[in-house]
Amino acid sequence: MAGCTRYFKFPTLSGEPPVVIAHRGASGYMPEHTLSAYKLAIEQGADFIEPDLVSTNDGVLIARHELNITETTNVAEHPEFADRRTTKVIDGVSVEGWFADDFTLAEIKTLRAKQRLPFRSQQFDDLCEIPTLEEVIELVKQESERSGRVIGIYPETKHPTYHRSAGLPLEKNLVKLLERHKLNHRTAPVMIQSFEAASLKALRRMTEARLVQLIDGNGIAPDGGVIPGKPYDFTVSGDPRTYADLLTREGLAEIKTYADGIGPWKRYLVGVTGTGGVDALANDSHKKLGHPTHMVREAHNAGLFVHAWTFRNEPRYLASDYGSDPLKEYWQFYRLGVDGVFSDFPDTAIAARAALEKRDQVPR
Ligand code: G3P
Ligand code: CA
């Protein structure tokens with residue numbers, strides 16, 4: 001009927017619309033993990049911003065996706081740090097470059113961030129500092145006050161086993177900061193994520209904030225299913241299970257004992273057929289979608305919410321079925337009942353959510 005709008009009921013665990021998590025900030029537009037990338041995401045309307053966390057050698061948590069800062073900073077252009085280039089074994093893999101845990105915070109602050117992906121704009125390179133978690137929290141507080149809406153933070157403990165072995169455990173420092181900013185409680189706008197179950201179990205003993213078990217994959221099998229990865233803490237402790245085992249009914253029930261949700265690679269929810277890289281290295285544009293799995297329903301049945309990653313606008317990240325239209329991918333996942341999406345382009349994720357809410361505007 002003209003003038004009437006039918007509102008879509010999102011099939012999420014809570015019945016609320018899914019949250020949009022700015023993956024490393026609005027990282028499709030600005031160098032990832034910079035205050036500018038986080039601020040832009042907030043201006044675009046993101047519900048949460050996501051800092052990945054690593055530690056400096058003086059124990060300060062900073063926002064970086066890797067300990068290896070070679071690709072995302074201009075450290076290679078600093079001759080005074082030339083002799084810090086080295087090789088380390090992180091999570092069983094030998095990596096060469098410059099590493100955050102070999103620098104003090106004061107030294108890190110002399111570096112500037114760079115765009116890692118060659119097909120994204122480089123125009124903001126060498127401008128932005130590497131932020132500390134504390135600076136990210138302060139930004140979020142200021143922006144929440146300014147905008148009158150609650151913006152959340154969604155930190156991830158990166159390589160917790162490695163950090164612990166280097167004498168720089170992440171969990172205690174993270175909780176200390178949350179405490180200092182009155183964010184260490186159940187209803188705080190905070191969710192903490194990790195690929196390592198042991199990190200989350202340690203956090204559960206220190207905080208009531210919501211925790212999220214990330215679920216990784218090592219690629220796509222010829223039948224379109226995910227080749228599961230394995231939490232590195234399981235490798236170290238000799239636990240034979242993979243992420244696929246954590247997604248069984250028993251595995252989900254175990255996750256529920258220490259976490260509130262799961263954060264799976266989106267291919268666990270909708271597979272693709274065809275080969276060619278995972279996540280940021282993917283080229284999905286020539287792949288076809290498979291049938292959606294029952295993953296969301298099974299997680300919801302276990303009382304766990306589902307925040308899927310990572311959604312990106314560029315055609316190379318979109319299966320051919322979407323015809324290069326990123327909105328169509330969000331609509332599929334929102335209809336499946338995901339409770340949140342990690343997106344490099346929060347504005348698109350929000351536009352898709354708004355359009356689906358008034359579903360007359362969305363084709364089936
Ligand atoms: O944390 C969710 C998603 O960000 C996991 O992937 O590698 O981008 O941290 P990554
Ligand atoms: Ca992350």
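Model, not experiment: these values are computed from the prediction. Just follow the structure's listing: the first ligand is 1, and inside any ligand the first atom is 1.
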Give the atom numbers and elements of ligand 1 that come within less than 4.0 Å of a heavy atom of Q193. 1 (O), 2 (C)

Which ligand 1 atoms, with their elements, are less than 4.0 angstrom from a heavy-atom of F342? 2 (C)

Under 4.0 Å to a heavy atom of R24 - the qualifying atoms of ligand 1, by number: 7 (O), 8 (O), 10 (P)

N/O donor-acceptor pair under 3.5 Å between R64 side chain and T72 backbone: yes

To the nearest 10 degrees, how large is the angle at the Ca ion (ligand 2) between E156 OE1 and D52 OD1? 80°

Under 3.5 Å: donor-acceptor pair, side chain of T73, backbone of A113: no

W309/F333 aromatic ring centres below 6.0 Å: no

Taking the cut-offs as 6.0 angstrom to the six-membered ring centre and 45 degrees off its axis, would you call K266 and F311 a cation-pi pair? yes

With a 4.0 Å cut-off, would you call E179 and K172 a salt bridge? no

Interfacing atoms of ligand 1 (cut-off 4.0 Å, heavy-atom, D52): 9 (O)

N or O contact, W309 vs ligand 1, cut-off under 3.5 Å: no

Could an N or O of ligand 1 be found under 3.5 Å from any N or O of K158, whether backbone or side chain? yes

With atoms numbered from 1 as shown, which atoms in ligand 1 lie under 4.0 angstrom from a non-hydrogen atom of E50? 1 (O), 2 (C), 4 (O)

Numbered in order shown, the ligand 1 atoms found under 4.0 Å of a heavy atom of H65 are 7 (O), 8 (O), 9 (O), 10 (P)

Between R359 and F8, is NZ or CZ placed under 6.0 angstrom from the six-membered ring centre and within 45° of the ring axis? no

Name of whichever N/O/S atom of E50 is nearest to the Ca ion (ligand 2): OE2

Would you say W265 contacts ligand 1, with heavy atoms under 4.0 Å as the rule? no

Find out whether the Lys NZ or Arg CZ of R316 is both under 6.0 angstrom from the six-membered ring centre of F119 and within 45° of the ring's axis. yes

If the plane angle is over 60° it's perpendicular, under 30° parallel, otherwise tilted; pick one for Y334 and F10. perpendicular

